Each structure stands twice: as C-alpha cells, then as structure tokens.
Amino acid sequence: MPELPEVETFRLTFLHGTEEVPSLVGKRICRVSLLWEKTLETPSAEEFETRIKGQSILDLNRRGKYLLFNLTQDVLVIHLRMSGDLVVETHDDPIAKHHRLLIELDGGTRLAFNDTRKFGRVWLVRDSAPLLSHLGPEPLDEAFTSEVFCAMLHNLNRQIKPLLLDQHFIAGMGNIYTDEALFLAGTHPLTKSDSLSCDQAEKLWQAIHIVLTEGILRNGSSIDWVYRGGDFQNHFQVFRRTGEACYRCGTPIERIIVGNRSTHICPKCQPVPD
DNA sequence: CACGAGACCTGTTCGC
DNA sequence: TGCGAACAGGTCTCGT
C-alpha cells in the first residue's frame with residue numbers, strides 16, 4: 001500500500017488523532033522492543049533503545065514515502081516499503097505475528113510497526129537531511145510547477161513509467177498512483193520522457209496532482225488482505241482492473257509489464273507511442 | 001546513460 | 001484436494 005497518500009494518511013492520523021486513534025503528539029517514549037533486527041537500519045539496537053527512551057513526539061512530517069517523527073532530540077524515520085503498517089494499540093495487547101518493532105508510549109499506548117515481508121526500515125538520526133537527500137521534488141510542493149516538470153522530463157530519455165517511479169526524479173509515486181496518473185493523462189507508460197510535448201507534460205502534471213490529492217482525500221488505498229481504512233481502491237480507473245471495461249471508452253483494460261512492474265492501461269485511451 | 005534481471009521476504013491466489 | 005508457479009503497494013545492486 002504505502003505510497004505518498006497512504007504515508008500522508010498515517011501522518012495526519014498520528015498528528016491529529018481520529019475517533020479510534022489518539023494523537024501521538026506530546027507522548028513520551030518509555031520503552032521500545034525490536035523484534036526483527038534488520039528492520040532497524042541505524043543505529044545499533046542497543047544505542048537505539050537507550051537513545052530513544054525518554055524522548056517525546058513533538059511533530060510529524062513526511063518526505064516522499066518516508067514518515068518522520070520529530071522527537072525531542074532525534075528524528076525517527078520510517079519507510080513502510082511493500083507491506084509495512086503502523087498500528088496504535090495498548091501495552092497489554094497481544095503481539096501480532098508480523099510485528100517488527102514496538103514503541104511503548106506513556107499512558108498505556110503502543111505504536112507497533114507490523115511488516116509481513118520485512119522490507120520496511122527504521123532509522124533514528126539527529127538530522128534526517130542526509131538520509132533524504134537523494135529524493136526528487138515533492139509532487140504537491142508549490143515549487144514543483146508544470147514548467148519545472150516539463151524541463152525535467154526533457155532532460156532525460158527515459159520510459160515515463162519507470163521514471164515516475166524513480167524516487168530520485170520525483171518523490172512519493174508508486175505503482176498505483178503512477179498507473180492512475182498515466183491513464184488520466186492519456187499517456188502510454190513506455191513513452192519516452194523527452195518525447196512528451198509541454199502540453200502533454202502539463203496534462204500529466206495535473207493528473208499526478210489529481211490522483212495524489214484524491215488519494216489523500218480518501219485516506220489512501222486499502223487492497224488485498226490488508227485493510228487500513230482507505231477508500232481510493234473503489235475509485236481506481238485502471239489499477240488491477242485487467243479485463244474490465246475502461247470507464248471512458250469501454251475497451252478492456254490490459255496488463256503489461258514495464259520496468260519489471262505490473263502495469264495497467266487502456267490500450268485505446270493510452271495509445272502506444274511512435 | 002538506460003534498462004532488465006535478481007535479490008530481499010512472506011503470504012495469497014491461480015492454474016493444472 | 002494438492003502443489004508449484006505467479007504475483008504483491010518498494011528499492012537496491014549488478015550486468016549489458
């Protein structure tokens with residue numbers, strides 16, 4: 001699940017709280033428990049446990065797909081990768097099968113990092129900037145204009161879908177939102193970036209804004225056996241709709257492989273480039 | 001530089 | 001029913 005809108009949903013949930021989940025802001029970390037060693041990228045498990053203890057959660061930020069917990073001294077950085085999930089529970093809740101890291105807060109609350117496939121990673125750092133320095137622009141940032149986007153596209157001769165998935169190029173797009181944006185823009189995923197006109201680039205820029213904004217509005221997407229309360233999966237135009245009719249023209253949606261990833265297109269609305 | 005394949009992991013679904 | 005193959009929201013590294 002976790003692409004930009006899903007990570008943003010976690011941020012907003014933990015920042016403001018919801019009917020079911022209390023806000024985590026102001027809570028103090030009293031104990032942590034690392035259940036899968038490799039989940040923690042840095043520092044060592046021993047240093048992590050002693051250093052994080054006693055720090056409070058002051059604020060929550062996001063950069064691309066990274067979730068950032070601003071603590072009293074450090075920043076706790078979490079990347080959910082393919083199957084990561086964050087669950088707020090209580091100290092005496094049973095420890096679920098795929099829990100990898102438990103962060104106990106005072107007041108009896110516990111933040112659990114659950115990650116079936118063990119791809120997710122956690123860092124505790126003084127300064128998050130070096131860790132995030134490889135990331136491209138934030139797609140919803142005001143500085144990321146359609147003119148900037150068009151110039152960036154023309155600098156490279158790359159297939160557009162793998163390029164949008166490349167976090168160095170732009171931060172936060174994943175397989176779902178990329179397929180949805182390319183459909184909305186009427187762009188075939190194999191189109192070379194420098195062959196897009198600025199008109200087409202602007203259309204794609206708008207499509208990216210539309211899908212990310214709607215994704216955030218709908219609290220992200222919840223698919224497969226993992227449910228996180230999001231609703232955007234009920235509004236997919238192409239993603240995982242192979243064989244079903246395109247809502248725009250009725251043509252069956254096709255599944256192809258681009259850059260080693262499943263890709264969903266309407267062959268009529270997204271014609272193959274020359 | 002651009003691209004594909006393989007690795008990292010566990011679980012579910014598909015096809016015979 | 002059983003069993004292996006294919007597939008899954010991400011990212012890194014290597015070879016061509």
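Quick caveat: nothing in here was measured; it's all calculated off a predicted structure. Reminder, nothing fancy here: chain letters follow the sequence lines and each chain counts from 1.
For A:Ser262, the side-chain atoms get nearest to C:dC7 when compared with the rest of B:dC3, C:dG10, C:dC7. Taking only side-chain atoms of A:Glu3, from C-beta outward, the nucleotide of B:dT10, C:dC7, C:dG10 with the closest atom is C:dG10. Residue A:Lys97 has its side chain nearest to B:dG11 when only B:dC8, C:dA8, B:dG11 are considered. Taking only side-chain atoms of A:His134, from C-beta outward, the nucleotide of C:dT11, C:dG10, C:dC12 with the closest atom is C:dC12. Comparing atom distances between the A:Lys192 side chain and each of C:dC7, C:dT11, B:dA2 picks out B:dA2 as nearest. When distances are taken from the side chain of A:Lys38 to each of B:dG11, C:dG10, B:dC9, the shortest belongs to B:dC9. Nearest to the side chain of A:Met82, among B:dT10, C:dG10, B:dG11, sits C:dG10. Closest contact between the side chain of A:Arg261 and the listed nucleotides C:dG10, B:dG11, B:dC9 involves C:dG10. Here B:dA2 is the nucleotide among B:dA2, C:dG10, B:dC3 with the atom lying nearest to any side-chain atom of A:Asn157.
Contact annotation for A:Gly120: no contact, since no heavy-atom pair falls under 4.0 Å across all strands. At the heavy-atom level, A:Leu156 lies under 4.0 Å from the strands shown only through sugar-phosphate atoms.
A:Asp141 contributes no side-chain N or O that, together with a main-chain N or O of A:Glu138, makes up a donor-acceptor pair within less than 3.5 Å. Here the side chain of A:Glu180 pairs a donor or acceptor atom with the backbone of A:Val238 at under 3.5 angstrom.
Note on A:Arg158: a side-chain N or O is less than 4.0 Å away from OP1 or OP2 of B:dC3. Within the structure, every side-chain polar atom (N or O) of A:Gln159 is placed at least 4.0 Å from both OP1 and OP2 of B:dA2. Checking the phosphate oxygens (OP1, OP2) of C:dG10, no side-chain nitrogen or oxygen of A:Ser83 falls inside 4.0 Å. The side chain of A:His79 contributes no N or O atom lying less than 4.0 Å from OP1 or OP2 of C:dG10. For C:dA8, the OP1/OP2 oxygens have a side-chain nitrogen or oxygen of A:Arg255 closer than 4.0 Å. Residue A:Lys118 has no polar side-chain atom (N or O) positioned under 4.0 Å from OP1 or OP2 of B:dC8.
Distance A:Asp166 CG to B:dA2 C1': 11 Å, rounded to the nearest Å. One atom, CD1 of A:Ile223, and another, P of B:dT13, lie 13 Å apart when rounded to the nearest Å. As rounded to whole Å, 17 Å separates atom P of B:dC9 from atom CG of A:Leu80. Between the CZ atom of A:Phe169 and the P atom of B:dC1 there is a distance of 15 Å, rounded to whole Å. Separating the CZ atom of A:Arg121 from the C1' atom of B:dC8 is a distance of 8 Å, rounded to the nearest angstrom. For the pair A:Tyr177 OH and C:dG10 C1', the computed distance is 15 Å after rounding to whole Å. Regarding A:Asp194, its CG atom lies at a distance of 10 Å from the P atom of B:dC3, rounded to whole Å. Atom NE2 of A:His168 and atom P of B:dA2 are 13 Å apart (whole Å).
Residue A:Leu101 holds its CG atom at 9.5 Å from CG of A:Leu86, rounded to the nearest 0.5 Å.
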Practice task
Please report the C-alpha distance between A:Cys266 and A:Cys249 in whole Å, then the side-chain angles of each, then the deciding distance to 0.1 Å, and finally whether the disulfide bond (SG atoms under 2.5 Å apart) criterion is met.
Solution key: CA-CA 9 Å; A:Cys266 168; A:Cys249 74; 3.6 Å; no
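Between A:Phe236 and A:Phe232, the two ring planes are perpendicular [angle over 60°; tilted spans 30° to 60°].
Comparing B:dA5 with C:dA6, their P atoms are spaced 14 Å from each other, to the whole Å. The separation of C:dT13 from B:dC9, taken at their P atoms, amounts to 15 Å, rounded to a whole angstrom. For the P atoms, the distance from B:dG6 to C:dC7 is 14 Å, rounded to whole Å. Here, C:dA8 and B:dC3 have their C1' atoms 22 Å apart, quoted to the whole Å.
With hydrogens and angles ignored, a donor-acceptor pair under 3.5 angstrom links the side chain of A:Asn260 to the base of B:dA5.
Test A:Val75, A:Val32, A:Leu40, A:Asp74 against A:Leu124 for side-chain contact (heavy atoms from CB on, under 4.5 Å) and you get one pass: A:Asp74.
Remark: ring of A:Phe119 stacked against base of B:dC8; centroid gap under 5.5 Å, plane tilt under 30°.
Base pairing of B:dA7: its partner is C:dT11, meeting the Watson-Crick or G-U wobble criterion (both donor-acceptor distances under 3.5 Å).
Between A:Gln270 and A:His264, the shortest heavy-atom contact is OE1-O, 4.4 Å.
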